[in-house]
> 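Here you go, one structure.
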Amino acid sequence: MLDPRLFRQNPEAIAGALSIRGYDLDLDTYRDLEKARRDLQTEMESLQHERNIVSREIGRAKRSGEEIEPLVSAVGDLGLRLEVIRTEFNKVHEELQGYLLTIPNIPDDSVPVGETDEDNRELYRWGDVTEFSFEPKDHVDIAGDSLDFEASVRIAGSRFSVLRGPLARLHRGLIQLMLDIHTDEHGYEELYVPYIANRESLTATGQLPKFEDDVFFVSSEVDSFLIPTAEVPVTNMVRDQILDANDLPLKYVCHTPCFRRESGSHGKDTRGLIRLHQFEKVELVQVTHPDRSWVALDEIVNHAETVLKRLELPFRAVSLCGGDLGFASAKTIDLEVWLPGFDRYREVSSCSNFLDFQARRAQARFRPAPQTRPELVHTLNGSGLAIGRVLIAIMENYQDSQGRVHIPDALIPYMHGVQYLEFES
RNA sequence: GGAGGGGUGGCUGAGUGGACGAAAGCACUGGUCUUGAAAACCAGCGAGGUUUAGGCCUCCCAGGGUUCGAAUCCCUGCCCCUCCGCCA
């Protein structure tokens with residue numbers, strides 16, 4: 001959520017800034033609601049003031065044994081009027097809050113102008129695009145029976161996966177490798193968290209109220225959702241907390257499955273592991289002092305890159321343009337790995353600085369110094385990395401002419417020393 | 001699932017209709033004392049909204065209700081604890 005004070009001061013400036021991401025702010029709706037809110041609040045508070053004075057007077061009179069009847073009858077229909085105003089105020093206030101919750105974050109000045117991912121700005125590349133002396137296959141063809149979609153369809157439906165044997169182990173090894181790198185080398189605390197989160201948590205991070213169609217609802221009895229990313233449970237570690245300034249930054253790493261409806265992506269990426277309803281991800285989350293969040297973003301990008309470099313996978317970094325930016329993000333750097341089977345780079349990490357946007361929704365604050373008022377923290381996260389897509393990258397980049405997949409050196413210890421995988425088809 | 005007890009400031013915890021945004025303690029901040037520190041003593045110290053300011057308003061888990069007036073009484077929900085049952 002954006003700062004309501006900023007909103008009151010200069011809504012036109014906010015509208016202008018939001019147009020960079022192609023968002024059309026409805027200034028009239030805002031102004032009408034805000035004016036109604038202000039008028040009702042003023043009236044409500046002056047009625048409350050009146051009531052408090054009389055009630056206090058009645059209390060005083062009663063203690064000193066005076067007659068209170070005249071005072072009580074003088075109150076008249078004050079309570080009734082107050083009730084009417086309060087009901088009206090609650091309605092308007094709720095409506096205004098609801099509206100503000102649907103407004104996205106303001107993009108940082110450095111965010112490229114543009115509408116689609118074609119307008120994203122490439123920042124740099126690492127490694128050379130893999131060359132083959134034969135026609136490379138895509139991961140589905142390479143994996144053969146080890147990727148059992150017949151089973152996953154039977155069990156759950158389309159857009160799920162069953163991995164078998166060595167492929168399942170490679171998948172698990174990737175998770176372990178990434179967690180080890182981020183805990184041992186980058187100083188993150190590892191968390192294990194719930195895979196179901198409530199409405200408040202998803203509202204805090206920004207998935208709700210606007211993107212309810214993208215997440216799996218658990219049931220009408222428990223108003224909760226399957227997490228679309230570890231960002232939700234992990235960022236909510238600090239919801240409604242007042243942190244000590246000395247404890248910042250908080251750095252968390254967490255492996256979870258991610259569940260996404262992928263509504264609106266019908267027909268897109270339907271082959272293989274590229275876009276599923278359930279996939280694994282190792283997520284990095286930082287909670288920082290407001291002065292440090294831009295430094296932290298570079299840090300997270302760097303931490304995510306370390307994994308790709310360790311696996312010796314060619315990748316590039318891109319800065320998302322305004323139109324491609326996520327709802328809550330002020331700036332996002334994506335890492336895209338080279339996939340020979342797709343003949344293009346594909347996203348394996350998305351690193352974002354949310355500034356105080358999530359923190360305000362979550363009321364996540366810190367005390368800058370003793371005796372001072374709490375201030376909002378900044379929150380950031382980045383994938384470190386998406387497991388399924390890295391698995392694809394390893395299969396496709398490390399395939400040989402005999403259909404085998406060589407294991408990157410960094411992963412060999414996690415594979416019991418196995419150097420390559422052979423698949424049956 | 002059954003029975004009982006709870007939810008109060010950063011933390012512990014008192015408060016059962018008016019003098020309570022709230023005792024006391026801890027933590028924290030400032031001061032006195034001390035060569036310095038500790039201890040002791042004194043003082044300060046919840047969050048949010050609104051206002052040029054003084055101020056005003058709200059908040060004692062959440063939502064309703066009773067009342068001139070609710071942390072306190074009533075209803076509903078959520079959460080926690082104890083015991084029993086079940087269970088990886």
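Naming convention: chains lettered A, B, ... in sequence-line order (proteins, then strands); numbering from 1 in each chain. Just so it is clear, the values below take in all heavy atoms, side chains as well, and ignore hydrogens, waters and symmetry mates.
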> Starting from the 5' end of RNA chain B, give me the residue, A/Arg63 or A/Glu375, whose nearest nucleotide shows up first.
A/Arg63
> In whole Å, what is the span from the CZ atom of A/Phe89 to the P atom of B/C57?
15 Å
> Check whether A/Ser152 reaches the backbone of A/Phe160 with its side chain - one donor and one acceptor, N or O, closer than 3.5 Å.
yes
> Any donor and acceptor pair, going by atom type alone, linking the side chain of A/Arg239 with main-chain N or O of A/Ala204 inside 3.5 Å?
no
> For nucleotides B/G48 and B/U66, find the distance between their P atoms and express it as a whole number of Å.
32 Å
> Do A/Asp214 and A/Arg261 sit within salt-bridge range, that is, some charged N less than 4.0 Å from a carboxylate O?
no
> Watson-Crick or G-U wobble partner for B/U72, using a 3.5 Å limit on both distances?
none
> Measure the distance from CD on A/Gln97 to P on B/G48 and round it to the nearest whole Å.
15 Å
> What pairs of donor and acceptor atoms, side-chain ones from residues 92-100 of chain A against any protein atom, are under 3.5 angstrom apart with sequence neighbours left out?
{"residue": "A/Tyr99", "atom": "OH", "partner": "A/Asp26", "partner atom": "N", "Å": "3.2"}
{"residue": "A/Tyr99", "atom": "OH", "partner": "A/Asp26", "partner atom": "O", "Å": "3.3"}

> Show me, pair by pair, the donor-acceptor contacts under 3.5 angstrom made by side chains of residues 104-116 of chain A, not counting sequence neighbours?
{"residue": "A/Asn105", "atom": "ND2", "partner": "A/Ala328", "partner atom": "O", "Å": "2.9"}
{"residue": "A/Asn105", "atom": "ND2", "partner": "A/Phe354", "partner atom": "O", "Å": "3.3"}
{"residue": "A/Asp108", "atom": "OD2", "partner": "A/Ser110", "partner atom": "N", "Å": "3.2"}
{"residue": "A/Asp108", "atom": "OD2", "partner": "A/Ser110", "partner atom": "OG", "Å": "2.7"}
{"residue": "A/Ser110", "atom": "OG", "partner": "A/Lys331", "partner atom": "NZ", "Å": "2.8"}
{"residue": "A/Thr116", "atom": "OG1", "partner": "A/Glu118", "partner atom": "N", "Å": "3.2"}

> Measure from the side chain of A/Arg373, starting at C-beta and using heavy atoms only, and say which of B/A19, B/C57, B/G49 lies closest.
B/G49
> Roughly how far apart, to the nearest Å, are B/G65 and B/C28 at atom P?
44 Å
> Please enumerate all protein N or O atoms sitting under 3.5 Å from an N or O of nucleotides 60-69 of chain B, with distances to 0.1 Å.
{"residue": "B/C68", "atom": "O2'", "partner": "A/Ser55", "partner atom": "OG", "Å": "3.2"}
{"residue": "B/G69", "atom": "O4'", "partner": "A/Ser55", "partner atom": "OG", "Å": "3.0"}

> Send over the distance from A/Leu243 CG to B/A27 P, rounded to a whole Å.
21 Å
> Once you round it to whole Å, what is the distance between P of B/G10 and CG of A/Leu248?
17 Å
> Could you list by number each residue of residues 355-367 of chain A showing a heavy-atom separation from RNA chain B of less than 4.0 Å, or answer none if no residue does?
A/Arg365, A/Arg367
> Aromatic rings A/Phe327 and A/Phe211: how do their planes relate, parallel, tilted or perpendicular, breaks at 30° and 60°?
perpendicular
> From CD of A/Gln241 over to C1' of B/A47, roughly how many Å is that when rounded to an integer?
14 Å
> For atom C1', what is the distance between B/A23 and B/A14, given to the nearest Å?
6 Å
> Using only heavy-atom distances, determine whether the side chains of A/Gln241 and A/Gln363 contain a donor-acceptor pair under 3.5 Å.
no
> Quick one: look up who B/U16 pairs with, Watson-Crick or G-U, both distances under 3.5 Å, and put none if it's unpaired.
none
> Sort out the partner of B/C83 for me: Watson-Crick or G-U wobble, both distances under 3.5 Å, none otherwise.
B/G2
> Go through the structure and list residues passing salt bridge (charged side-chain N to carboxylate O under 4.0 Å, His left out) with A/Arg292, not counting sequence neighbours.
A/Glu299
> Using whole Å, report how far CD of A/Glu45 lies from P of B/G49.
12 Å
> Taking only the side-chain nitrogens and oxygens of A/Arg5, find out if one of them lies under 4.0 Å from OP1 or OP2 of B/U51.
no
> Just N and O in the side chain of A/His49: are any of them under 4.0 Å from OP1 or OP2 of B/C57?
yes
> Using a distance-only test with no angle check, is there a side-chain donor-acceptor pair under 3.5 angstrom linking A/Glu190 and A/Thr183?
no
> Please determine, for B/A22, whether a Watson-Crick or G-U wobble partner exists with both distances under 3.5 Å, and give it or none.
none
> Rounded to whole Å, please give me the gap between CD in A/Glu200 and C1' in B/C78.
10 Å
> Among all residues two or more places apart in sequence or in another chain, which pass the side-chain contact (heavy atoms from CB on, under 4.5 Å) test with A/Ser55?
A/Arg51
> Taking A/Glu396 first and then A/Arg346, would you say they form a salt bridge - that is, a charged N and a carboxylate O separated by under 4.0 Å?
no
> Applying a 3.5 Å limit to both distances, which nucleotide forms a Watson-Crick or G-U wobble pair with B/U52?
none
> Report which part of the nucleic acid A/Gln41 touches: base, sugar-phosphate, or nothing (heavy-atom distance under 4.0 Å, all strands).
sugar-phosphate
> Under 4.0 Å: is that the gap between some side-chain N or O of A/Asn52 and OP1 or OP2 of B/C56?
no
> What is the base-pairing partner of B/A43, counting Watson-Crick and G-U wobble geometry with both distances under 3.5 Å?
B/U29
